[in-house]
Amino acid sequence: MLTNRPRGTNDILPGQVEKWQLIEETMRCISAEYNYQEIRTPIFEHTELFIRGVGETTDIVEKEMYTFVDRGERSVTLRPEGTAPVVRSYLENRLNSGPQPVKLYYTGPMFRYDRPQSGRYRQFHQVGVEAFGSHHPALDAEVMSMAMEFYRRIGLVDVELHINSVGCPECRPQLKEKLCEYFRPRESDLCSNCRQRLVKNPLRIIDCKNPGCQEIAKDAPTPLDHLCSDCKEHFDSVCEYLKALGIPFVINPRLVRGLDYYTHTAFEIMAKGLGAQSSVGGGGRYNRLIEECGGPSIPGIGYALGVERIILALEQQGVETAPSPGPDVFVAILTPDLKADAFKILSKLRKKGISSDQDYLGRSLKAQMKYASKINAKYTIIVGNDELEREMVILREMDTGEQSEVPVEDAAAKIKERLASCTD
Ligand code: AMP
């Protein structure tokens, strides 16, 4: 028990963590290029925020939230997604009173009590963006192009952008009515989840993953057939912008997505080779959410990309990330009495930005050299009494075994010079 992590969680160890750093760094770079600024919100929020924000009838709220009563008798929930907290923060910090749109990005863990399997975890991570304050379809195209650029930059290929419009409060009631008319006579053949959805949220039946439901839903009415003129115009315009940007996409009339807050554009990105969990990201427009959370009527759009799924997809596709290199320098000592002098040399190297390390187990010189080679140090500085008296140290290149004496004062500069010539 003490040495087992909770089900559905993962340790990210050295060797793996480089992929995470690449993803986070890429997100930072792209966000700067697209002019999105970072926001960090708490890991837990008042439960009510998610009930209102994500939607009472969603799987997330009905069965997946990590909710608990704290010592002050308040119900709090580990965030299952990033949008509702960012909306809360936008309102609480009155970001709506500054220039619009406000474009934000985030990275971090999310929590859902899901059935763990490959690509589905209870603690997972997302990188995402939210943009508030504009109805313009160019913003829809911008966030999609940003997501696609992200996959391209980290080297993920074979990703497909699926888009749809899920309508708005104008056109959705008619669609819901049509869906109920279609599904009611077939109710007994639907899965138990979908029988409930028929009452609460019939739209979700059309993207149920149950093969029986999929067969029944094949000829069901879709949102695209019932869009009002505003929604249709918006959707056509989004498609035009995507075409202008040269971003390939597939119109998927059955794409609905699991969160209630979407209006107009909904999109999802699928990667090949991931089996059932092929969605590596998704998002959409949520023009009612801010109002739903108690704010003024302000439109929004965003996406969230699943970090674990992206890493799985990269591994499936054989994309390698460079492992962490070893330190540039290992400082070894000939005899234990030289430790303090060696430590001073090590500290100077570090201050000059050279990654370096030393022995902490009292090893012999031979064992220190063995260790330096195990941790892939590029150079070793050997500190000996005779050399030190002359204010010199020995510099050894680990790959070639070449050794020379260098003045202590010049060691950092010499190493920097050699490291620079290696990367030229
Ligand atoms: P969502 O917030 O449900 O729109 O999901 C956005 C993305 O997060 C999905 O496309 C997945 O890549 C990822 N994701 C969602 N749920 C999980 C989970 N339980 N485990 C791992 N990744 C997930």
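Both counts, for ligands and for their atoms, begin at 1 and track the order of listing.
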Do the charged groups of R254 and D207 touch, with an N to O distance under 4.0 Å?
-> no
Within the distance-only criterion (no hydrogens, no angle test), does the side chain of R288 pair as donor or acceptor with the backbone N or O of Y262 below 3.5 angstrom?
-> no
Counting each atom of ligand 1 from 1 as listed, which ones have a heavy atom of G306 under 4.0 Å away?
-> 7 (C), 8 (O), 12 (O), 13 (C)
Considering the heavy atoms of G281, write down every atom of ligand 1 situated less than 4.0 Å from one of them.
-> 10 (O), 12 (O)
The side-chain contact (heavy atoms from CB on, under 4.5 Å) partner of V54 among M65, E64, E81 is E81
Should the heavy atoms of other residues, nucleotides or ligands under 6.0 Å from CD of E33 be counted, would the total exceed 12?
-> yes
Can you list the steps and then say if T41 with S89 is a side-chain hydrogen bond (donor to acceptor under 3.5 Å, both in side chains)?
-> CA-CA 7 Å; T41 63; S89 178; over 6 Å; no
Find all atoms of ligand 1 within a distance of less than 4.0 Å from any non-hydrogen atom belonging to A304, and give their numbers and elements.
-> 6 (C), 7 (C)
Which of these, G128, G284, A313, S279, has its nearest heavy atom closest to atom 12 (O) of ligand 1?
-> S279
Would you say E81 contacts ligand 1, with heavy atoms under 4.0 Å as the rule?
-> no
Looking only at atom types and distance, does a side-chain atom of E18 sit under 3.5 Å from a main-chain N or O of G15, one as donor and one as acceptor?
-> yes
Is any N or O atom of R112, backbone or side chain, closer than 3.5 Å to an N or O atom of ligand 1?
-> yes
Report the part of E268 (side chain from C-beta onward, or backbone N, CA, C, O) that has a heavy atom under 4.0 Å from ligand 1; answer both or neither where that applies.
-> neither
Does a salt bridge link D357 with R350, judged by any charged N lying under 4.0 Å from a carboxylate O?
-> yes
Within the structure, does E308 bring an N/O atom to less than 3.5 angstrom of an N/O atom in ligand 1?
-> no
Short list, please: which atoms of ligand 1 are under 4.0 Å from a heavy atom of D114?
-> 19 (N)
